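Just so we're on the same page: letters track the sequence lines, and every chain starts at 1. This one's a predicted model, so the numbers in the text were calculated from it and none came from an experiment.
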2 protein chains.
Amino acid sequence: MNIDALTTAQIEHLSDKLRAAGLRSTKPRLALAHLLFGKGDRHVTAESLYEEARAFNLSVSQATIYNTLNQFLDAGLLREVIVDHARSYFDTNVSNHHHFFIEGETRLIDIPLDQVSLKAVPDAPEGYELSGVDVVIRLNAR
Amino acid sequence: MNIDALTTAQIEHLSDKLRAAGLRSTKPRLALAHLLFGKGDRHVTAESLYEEARAFNLSVSQATIYNTLNQFLDAGLLREVIVDHARSYFDTNVSNHHHFFIEGETRLIDIPLDQVSLKAVPDAPEGYELSGVDVVIRLNAR
DNA sequence: ATGCCTGCAAAATATTTGCATGTAA
DNA sequence: TTACATGCAAATATTTTGCAGGCAT
């Protein structure tokens, strides 16, 4: 399986998505966009995406993986989830929701927003404005 | 100001705390414990504690700062707060509570537990057990 | 005396960046 | 053609670790 197996319609769709985000449609970006957005919501790390890319017969450098993830992030195509100081996680689901994080594994699970809403959000301190609320529920294997 | 300015009572108190945690009472640990626990709840990074230690006329290496923070963490004297992949934060308040994090600054603010409790905590997926719930409210300067 | 601590420097890890080359528009 | 992308390697930043010497118990 590789990028040449994609249909013209798939490529057009991804190209449009990239251009709508202000990014040029290039082969590495198309392939990474396909991996990221082609099969529903998912979570990746730079490393997991790099390995997937190679399995997809795409020769991208790690720098391009990082650069692409950061560009997609800036463009609002991805969301970053900070749960582990060892590694950055990226979520293709950019809507408001929260996460389970399994300690010791490299794995996140989405929690729909309605299953974990807050009773009340405290006011931001004077001079600051709220930019986001992240809830992380940490799990251990039983 | 340096560690020799501490009273015998202060030193005894900190020594007891260290020994109760299963750690030997050494000069670097006493001084760091004084900085960490001597003035109410606070948040530090390895770097901020390192600078404070030097201002306190304590010559500790960065390795000792990191090792000590990790030992205190393992002993339950500190809690780690994961909000930023650039750096680790340690909180001397180990009770259940949440945080404001100011984007672009190196600063955390505690939120008392009763100001931000969840309506409901979702069940852990089969095979896992809940280990903690972290709420981070991100702020930007207005 | 023994085992835990510490400092120093080197290693390990994740991520970013400079620069020359390549490619989309 | 021109500006943006990419690959490679080197740089950066944080944290961890190996080892020799020091200190608490």
Side-chain angles (χ1 to χ4, degrees), chain A residues 3 11-12 14-33 35 43-51 53-54 56-75 77-78 80-90 104 106, chain B residues 3 11-12 14-33 35 43-51 53-54 56-75 77-78 80-90 104 106:
Chain A
I3 192 174
I11 290 177
E12 269 317 300
L14 292 171
S15 287
D16 289 348
K17 183 162 184 152
L18 291 176
R19 278 189 283 259
L23 299 169
R24 285 187 182 172
S25 170
T26 65
K27 188 169 170 176
R29 282 185 187 153
L30 281 173
L32 295 177
L35 293 176
H43 305 99
V44 301
T45 63
E47 196 193 351
S48 76
L49 183 60
Y50 181 67
E51 282 165 14
R54 315 205 87 223
F56 192 65
N57 275 45
L58 176 72
S59 53
V60 279
S61 65
Q62 300 213 51
T64 296
I65 295 283
Y66 278 104
N67 291 338
T68 302
L69 286 170
N70 285 325
Q71 289 150 0
F72 285 10
L73 193 62
D74 291 344
L77 301 177
L78 291 176
E80 188 172 8
V81 187
I82 299 176
V83 288
D84 182 350
H85 45 70
R87 210 169 343 262
S88 294
Y89 289 79
F90 298 88
T106 303
Chain B
I3 193 174
I11 291 178
E12 269 318 300
L14 293 171
S15 286
D16 289 348
K17 183 163 186 153
L18 291 176
R19 277 190 282 257
L23 299 169
R24 285 186 180 174
S25 171
T26 65
K27 188 168 170 177
R29 281 184 186 154
L30 281 173
L32 295 176
L35 294 175
H43 305 99
V44 301
T45 63
E47 196 193 352
S48 75
L49 184 59
Y50 181 66
E51 283 165 15
R54 314 205 88 221
F56 193 64
N57 276 46
L58 177 72
S59 53
V60 277
S61 66
Q62 300 213 51
T64 296
I65 295 283
Y66 279 104
N67 290 339
T68 302
L69 285 171
N70 285 325
Q71 288 151 359
F72 284 10
L73 193 62
D74 291 344
L77 301 178
L78 291 175
E80 188 171 8
V81 186
I82 298 176
V83 287
D84 182 351
H85 44 71
R87 177 169 22 243
S88 295
Y89 289 79
F90 298 88
T106 304

For [X] and [N], give me the distance from atom [atom1] to atom [atom2], rounded to whole Å.
X	N	atom1	atom2	value
B:Tyr50	D:dA13	OH	P	16 Å
B:Gln62	C:dA11	CD	P	18 Å
A:Asp74	D:dC4	CG	C1'	15 Å
A:Gln71	D:dC4	CD	P	12 Å
B:Leu58	C:dT6	CG	C1'	11 Å
A:Arg29	C:dG22	CZ	C1'	14 Å
A:Ile65	C:dT16	CD1	P	13 Å
A:Leu49	C:dA14	CG	C1'	15 Å

So, is [X] near the phosphate of [N], with a side-chain N or O under 4.0 Å from OP1 or OP2?
X	N	answer
B:Ser88	D:dT15	yes
B:Tyr66	D:dT15	yes
B:Arg19	D:dA24	no
A:Thr64	D:dT6	no
A:Thr26	D:dA5	no

Q) At their closest point, which heavy atom of B:Ile65 faces which heavy atom of B:Ala46, and how far apart are they? A) CG2-O, 3.6 Å
(Q) Could you report the tightest heavy-atom contact between B:Glu80 and B:Leu73, atom names first, then the distance? (A) N-CD1, 3.4 Å
Q.
So B:Val81 and B:Phe90, do their side chains get closer than 4.5 Å, heavy atoms only?
A. no
Q.
Quick check: on DNA chain D, is the nucleotide nearest B:Leu23 upstream (toward 5') of the one nearest A:Thr68, or the reverse? Name the residue that is more 5'.
A. A:Thr68
Q) Toward the 5' end of DNA chain D, which comes first, B:Arg87 or B:Asn67, by nearest nucleotide? A) B:Arg87
Q: Show the numbers, then the answer: is there a side chain to side chain contact (heavy atoms under 4.5 Å, CB included) between A:Ile3 and A:Leu30?
A: CA-CA 8 Å; A:Ile3 192 174; A:Leu30 281 173; 3.9 Å; yes
Q. Between A:Glu47 and B:Arg24, which has a closest nucleotide on DNA chain C that is more 5'?
A. B:Arg24
Q | Candidates D:dT6, C:dC8, C:dT17 - which lies nearest the side chain of A:Pro28 | A | D:dT6
Q) Given D:dC8, C:dT15, D:dT17, which nucleotide is nearest the side-chain atoms of A:Ala46? A) C:dT15
Q) So, the side chain of A:Thr68 versus the backbone of A:Thr64: is there a donor-acceptor pair under 3.5 Å, distance only? A) yes
